[in-house]
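In what follows, a single structure is set out as structure tokens and then discussed.
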Amino acid sequence: MNAPALAGRVSTLHCRRVTDSPVSTNIRWHHGSVDRDARRAARGHGPGVLWLTGLSGSGKSTLARAVEARLHERGVFVYVLDGDNLRHGLCSDLGFAPEDRKENIRRVGEVARLFSDAGAIVLTAFISPYRDDRARARTLVGDDFVEVHVNADVSVCEERDPKGLYEKARAGEIANFTGISAPYEAPESPELVVNTGALSIDESAAAVIAHLEQRGVLPS
């Protein structure tokens, strides 16, 4: 099944919240007959989960789409998991309270892990404001996880304000808005920092791709 078809099936699911351990009994993990080395050999590149985190308006989705387009042109199996898109389906039952944000990121981490296991390079574009949640996603994904801090000052994000959200948050019309009425815990040691307040989108995308080449995920 190709990535869009897989994403379509995933987005129609409405998963209930679960604990860190499966509630179901009498289950076991089934290993496939095709391993990651075979998938890498077939595709010519390795898997990866590029976890783009940053404030609303920092350019996460724009950067993810720019990287996706460039990788697709190179024949790379790539897909973007966008925060707004997943809230239309997989996470449509969640709000923006801290416990909902935590569950949102847990689900995204599980989906990203499946894409990575399939041999894809997946870019996630989520604010994901809490370090503990991102650390949990890193543990789940493992060595394929690459934290990318899409770094732009709140003043830059507020000036852009593509959805008019900061104006509404300042007016008290949106509760739990990250950077205004809810905290954002910036990464302490991300694999990559992209200053989208200073770099163009082309420069930012080039920095991400160069990092993948340096990690050996992509052939240089």
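Since the structure is predicted, the reported quantities are computational estimates derived from the model, not experimental observations.
In this structure, F177 and L165 approach most closely via the heavy-atom pair CE1-CB, 3.5 Å. Scanning both residues, P183 and P129, for their nearest heavy atoms gives O-CB, 3.5 Å. Minimum heavy-atom separation, A152 to C157: O-SG, 3.7 Å. Of all non-hydrogen atoms in L199 and E203, the two that sit nearest each other are CA-OE1, 3.4 Å.
Criterion: ILVMFWY side-chain heavy atoms under 4.5 Å apart, direct or through other members. Under it, L123 and L140 are not part of a common hydrophobic cluster. One hydrophobic cluster, built from ILVMFWY side chains closer than 4.5 Å, cannot hold both I127 and V193; they sit in different ones. Note on V78: it clusters hydrophobically with L192, by side-chain heavy-atom contacts below 4.5 Å among ILVMFWY residues.
Side-chain N or O atoms of K60 include none that pairs as donor or acceptor with a backbone N or O of L52 at under 3.5 Å.
With sequence neighbours excluded, the residues that form a side chain to side chain contact (heavy atoms under 4.5 Å, CB included) with R87 are C91, L94, F96, N104. The salt bridge (Lys or Arg N to Asp or Glu O under 4.0 Å) test applied to R160 returns no partner, not counting sequence neighbours. Taking E167 as the reference, nothing meets the side-chain hydrogen bond (donor to acceptor under 3.5 Å, both in side chains) condition, with sequence neighbours excluded. In terms of the side chain to side chain contact (heavy atoms under 4.5 Å, CB included) criterion, residue partners of A186 (sequence neighbours excluded) are, by chain and number, H149, Y184. K163 pairs by the salt bridge (Lys or Arg N to Asp or Glu O under 4.0 Å) definition with D84, not counting sequence neighbours. Here A97 pairs with E99, D100 under the side chain to side chain contact (heavy atoms under 4.5 Å, CB included) rule; sequence neighbours left out. Residues that satisfy the side chain to side chain contact (heavy atoms under 4.5 Å, CB included) test with A38, not counting sequence neighbours, are V34, D35.
Under the 4.5 angstrom side-chain criterion for Ile, Leu, Val, Met, Phe, Trp and Tyr, V156 has no cluster partners at all.
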Please step through side-chain contact (heavy atoms from CB on, under 4.5 Å) for the pair S58 and N151, ending with a clear verdict.
CA-CA 6 Å; S58 61; N151 187 17; over 6 Å; no
Apply the test side-chain contact (heavy atoms from CB on, under 4.5 Å) to residues V49 and T124: give CA-CA distance (whole Å), side-chain angles for both, the deciding distance (0.1 Å), then the verdict.
CA-CA 7 Å; V49 174; T124 75; 4.3 Å; yes
Checking D37 against R40 for the salt bridge (Lys or Arg N to Asp or Glu O under 4.0 Å) test, could you report, in this order, the C-alpha distance in whole Å, the side-chain angles of both residues, the deciding distance, and whether it holds?
CA-CA 5 Å; D37 290 338; R40 181 172 189 134; over 6 Å; no
With side-chain contact (heavy atoms from CB on, under 4.5 Å) as the test, would you mind laying out the steps for R101 and T178 before giving the verdict?
CA-CA 11 Å; R101 288 179 181 271; T178 304; 3.3 Å; yes
side-chain contact (heavy atoms from CB on, under 4.5 Å) between T53 and V150: does it pass, once the steps are laid out?
CA-CA 6 Å; T53 175; V150 184; over 6 Å; no
Show your reasoning for whether salt bridge (Lys or Arg N to Asp or Glu O under 4.0 Å) applies to R107 and D93.
CA-CA 12 Å; R107 295 182 191 180; D93 58 322; 2.9 Å; yes
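Between E185 and R134 there is no salt bridge, since none of the side-chain N atoms of the basic residue sits less than 4.0 Å from a carboxylate O of the acidic one.
Between K102 and Y130 the shortest side-chain heavy-atom distance does not fall below 4.5 Å. In this structure, S128 and D133 have side chains that are not in contact, with every pair of non-hydrogen atoms separated by 4.5 Å or more. With a 4.5 Å cut-off on side-chain heavy atoms, L55 and Y166 count as touching.
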Only pairs under 3.5 Å count here: list side-chain donor-acceptor contacts from residues 61-71, not counting sequence neighbours, and write none if there are none.
{"from": "S61", "atom 1": "OG", "to": "D82", "atom 2": "OD1", "distance (Å)": "2.4"}
{"from": "R65", "atom 1": "NH1", "to": "E68", "atom 2": "OE1", "distance (Å)": "3.2"}
{"from": "R70", "atom 1": "NH1", "to": "A66", "atom 2": "O", "distance (Å)": "2.9"}
{"from": "R70", "atom 1": "NH2", "to": "D202", "atom 2": "OD1", "distance (Å)": "2.3"}

Using a 3.5 Å cut-off and no angle test, enumerate the donor-acceptor pairs between side-chain atoms of residues 111-122 and protein atoms at least two apart in sequence or in another chain.
{"from": "R113", "atom 1": "NH2", "to": "E110", "atom 2": "OE1", "distance (Å)": "3.2"}
{"from": "S116", "atom 1": "OG", "to": "D144", "atom 2": "OD2", "distance (Å)": "2.7"}

Name every donor-acceptor pair, under 3.5 Å, that has one atom in a side chain of residues 208-220 and the other anywhere in the protein, sequence neighbours excluded.
{"from": "E213", "atom 1": "OE2", "to": "R74", "atom 2": "NH1", "distance (Å)": "3.1"}
{"from": "E213", "atom 1": "OE2", "to": "R74", "atom 2": "NH2", "distance (Å)": "3.4"}
{"from": "R215", "atom 1": "NH2", "to": "D143", "atom 2": "O", "distance (Å)": "3.2"}

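Listed by first and then second residue, the ring-ring contact (aromatic ring centres under 6.0 Å, His included) pairs that reach into residues 37-64 are W51-F145, sequence neighbours excluded.
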